[in-house]
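See below for the structure under consideration.
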Amino acid sequence: MNVLVIGTGYVGTTTGLVLCEKGHKVTGLDIDEKKVEALSAGRLHFYEKGLPELLRKHLNQNNISFTTDVKTAIQQNDFIFICVGTPKKKDGSADLSAVYSVAKMIGTYMNKYKVVINKSTVPVGTASKVKEVIEAENGKVPFDVVSNPEFLREGSAVYDALHPDRVVIGSSSKKALEMMRQLYVSETSPIVETTPNAAELIKYASNSFLALKISFINQLARLCDMMQVDIDEISKGIGLDHRIGPHFLKAGIGYGGSCFPKDVSALITIAKEEGMILSILEEVEEINKSQPFYFLEKVEKHIGGLEGKSIAVLGVAFKPGTDDTRESPSLVVIDELVSKGCSVNVHDPIVTITNPSVKQFDHVFDAVDGVDAIVLITDWDEYLNLDWQKVKSTVNRPYIFDGRNALNKQELVNIGFHYEGIGKP
Ligand code: UGA
């Protein structure tokens, strides 16, 4: 089938390539000529493991092409996926301007029946609003709007998109639903068919519930610190109960990224608009915002104040496997350390930051040279497999603060480090 994907960010590009894997012919549309040029030449403008290979494969097989030609792209395809960004506005709600401008474009150029599919994360009721916007531009040509939220994670986008736990299709039209079933005919994962409103809410509820699990375990980790109990033992002990599950119970410095912070905040706003306080999520957000500061208090206490100290921050990306720094706790930590008068050395395997107040190093051993403490924020494999004996001989004072509870405490203590995690006695 002929599918158009509008927006070539990590969701749009991955969605398009995975649809190619399922045997469809895909056009990727973007208004940014540079992105289209790069993608057409087999180059991604963001880092995502496994995606460059998939891109080159489907370019070579002529299964995917990229264009800025809006009119032709809309007219030649029956399925139109909207995969544009929905960033957080100042009031916490989602900014839908890109979604509506795409809807307007679709209305302007639509020439025959289309299924318009929202993959972007959008508030409940957006499918109907997208319908209104298209209709306002074009009242004659029939079409349907479907909600088909995406659940892939950055860093494992290809795997997640190829092996989803479920596919959610929210449609109020039998014809569109039938066409969506055809599009997903080779899908072996369960398909959940709902109304568009329910599909939209499922997306926010999923991300918010995962964020809730993280904030739950992070708050419990603070209790563990007081009670001299190991939070990882708690995570294991509760996670083996299949009603709870082992995932997203890793305590640490808090969640970041372009999704959880934005979606938790958006769901709080959605509830407020209905006259309801989603207090449980307000607490999730509060715990997450305060977690980096809780962590830094430990650093301050153990090394005897921050002013004048030299600190190495390992990891800038919000998690390993991505170059995304949006809402990364690392940025909060770096800013706070700088404002408290520290001299900050930064290392990340792939991210370069533009912060004149810090020194960034290409090699981790240069970053830790002569420092008073090492603060690990992103649990890249490179750090987990470091020669810590060598690190010990390089630092000024042997203090490690593990914001991800990812390092082997015993091994580090044996080498002579003072180790502090979160909820690790
Ligand atoms: C998240 C969801 O996991 C995806 O299902 C969803 O599709 C995506 O948002 C989205 O809405 O687009 P992502 O933000 O890429 O995916 O990253 P996650 O792997 O979920 O991690 C989010 C944050 O939680 C990271 O900062 C990670 O370090 C943190 N985390 C995760 C923890 O602190 N503890 C855990 O146990 C798990």
Side-chain angles (χ1 to χ4, degrees), residues 7 9-15 18 46-49 51 83-88 94 118-122 148-161 163-168 199-200 202-221 231-232 234-236 238-239 244-267 284-285 287-289 291-292 294-295 315-333 376-380 402-406 421-423:
Y10 88 100
V11 170
T13 308
T14 312
T15 301
V18 165
F46 56 94
Y47 176 81
E48 184 62 49
K49 196 173 54 185
L51 214 52
C83 299
V84 293
T86 52
K88 189 162 94 171
N118 262 340
K119 261 230 176 289
S120 304
T121 304
V122 289
N148 176 212
E150 184 49 65
F151 299 100
L152 58 82
R153 289 164 299 174
E154 288 185 36
S156 53
V158 176
Y159 180 87
D160 289 350
H163 309 94
D165 287 342
R166 76 303 204 186
V167 172
V168 176
E200 287 162 353
I202 285 169
K203 171 67 193 190
Y204 282 111
S206 298
N207 274 0
S208 297
F209 188 76
L210 293 169
L212 180 144
K213 280 185 98 175
I214 299 170
S215 279
F216 172 80
I217 209 69
N218 282 342
Q219 196 170 45
L220 220 56
I231 190 65
D232 287 339
I234 305 298
S235 297
K236 188 172 178 194
I238 64 174
I244 297 173
H247 307 291
F248 284 70
L249 288 178
K250 184 85 192 137
I253 195 159
Y255 59 79
S258 64
C259 306
F260 287 178
K262 162 174 83 73
D263 293 352
V264 168
S265 172
L267 191 49
V284 165
E285 205 170 48
I287 293 166
N288 197 59
K289 280 188 182 147
Q291 195 72 349
Y294 173 76
F295 178 68
V316 182
F318 83 96
K319 66 171 185 177
T322 175
D323 59 354
D324 198 340
T325 60
R326 283 176 286 178
E327 306 269 348
S328 173
S330 185
L331 301 178
V332 177
V333 167
L376 183 133
I377 310 288
T378 317
D379 43 343
W380 287 101
D402 181 358
R404 293 290 172 189
N405 289 350
I422 299 178

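If you read the sequence from its start, that first residue is 1, and numbering goes on from there. Just so you know, ligand 1 is whichever comes first in the structure, and atom 1 is the first atom listed for that ligand.
Neither the backbone nor the side chain of Ile217 comes within contact range of ligand 1; no heavy atom lies under 4.0 Å.
Counting atoms of ligand 1 from 1 in the listed order, those under 4.0 Å from a heavy atom of Phe248 are 20 (O), 31 (C), 35 (C), 36 (O), 37 (C). Close contacts of ligand 1 with Tyr255, meaning ligand atoms under 4.0 Å from a residue heavy atom, involve 23 (C), 24 (O), 26 (O), 29 (C). Against a heavy-atom cut-off of under 4.0 Å, Glu150 is close to the following atoms of ligand 1: 7 (O).
Between Arg153, Glu154, Lys319, it is Lys319 that holds the heavy atom closest to atom 17 (O) of ligand 1. Of the listed residues (Phe318, Tyr204, Phe260), the one carrying the non-hydrogen atom nearest atom 20 (O) of ligand 1 is Phe260.
Annotation: the span from Glu150 atom CD to Lys203 atom NZ amounts to 7.0 Å, rounded to 0.5 Å.
Nearest to atom 32 (C) of ligand 1 among the protein's heavy atoms is Ile214 CD1, 3.6 Å. At the top of the distance list for atom 9 (O) of ligand 1, counting protein heavy atoms only, stands Cys259 CB, 3.1 Å. Distance from atom 6 (C) of ligand 1 to its nearest protein heavy atom, with residue and atom name: Leu152 O, 3.2 Å. Protein heavy atom closest to atom 34 (N) of ligand 1, with residue, atom name and distance, is Lys250 O, 3.0 Å.
Residue contacts with ligand 1 include Lys203, since one of its heavy atoms falls under 4.0 Å from the ligand. In this structure, Arg404 has a heavy atom closer than 4.0 Å to ligand 1. The closest approach between a heavy atom of Gly252 and any atom of ligand 1 is not below 4.0 Å.
Electrostatic pairing of Asp263 and Lys88 does not count as a salt bridge here, judged by no charged N lying under 4.0 Å from a carboxylate O.
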Salt bridge (Lys or Arg N to Asp or Glu O under 4.0 Å) between Lys250 and Asp232, intermediate numbers included: CA-CA 7 Å; Lys250 184 85 192 137; Asp232 287 339; 3.4 Å; yes

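Between Ser258 and ligand 1, not a single N/O pair is under 3.5 Å apart. Considering backbone and side-chain N/O atoms, Tyr10 comes within less than 3.5 Å of an N/O atom of ligand 1. For the pair Phe151 and ligand 1, the shortest N or O to N or O distance falls below 3.5 Å.
Counted within 6.0 Å of CZ on Phe216, heavy atoms from surrounding residues, nucleotides or ligands total 12 or fewer; the atom is thus considered open.
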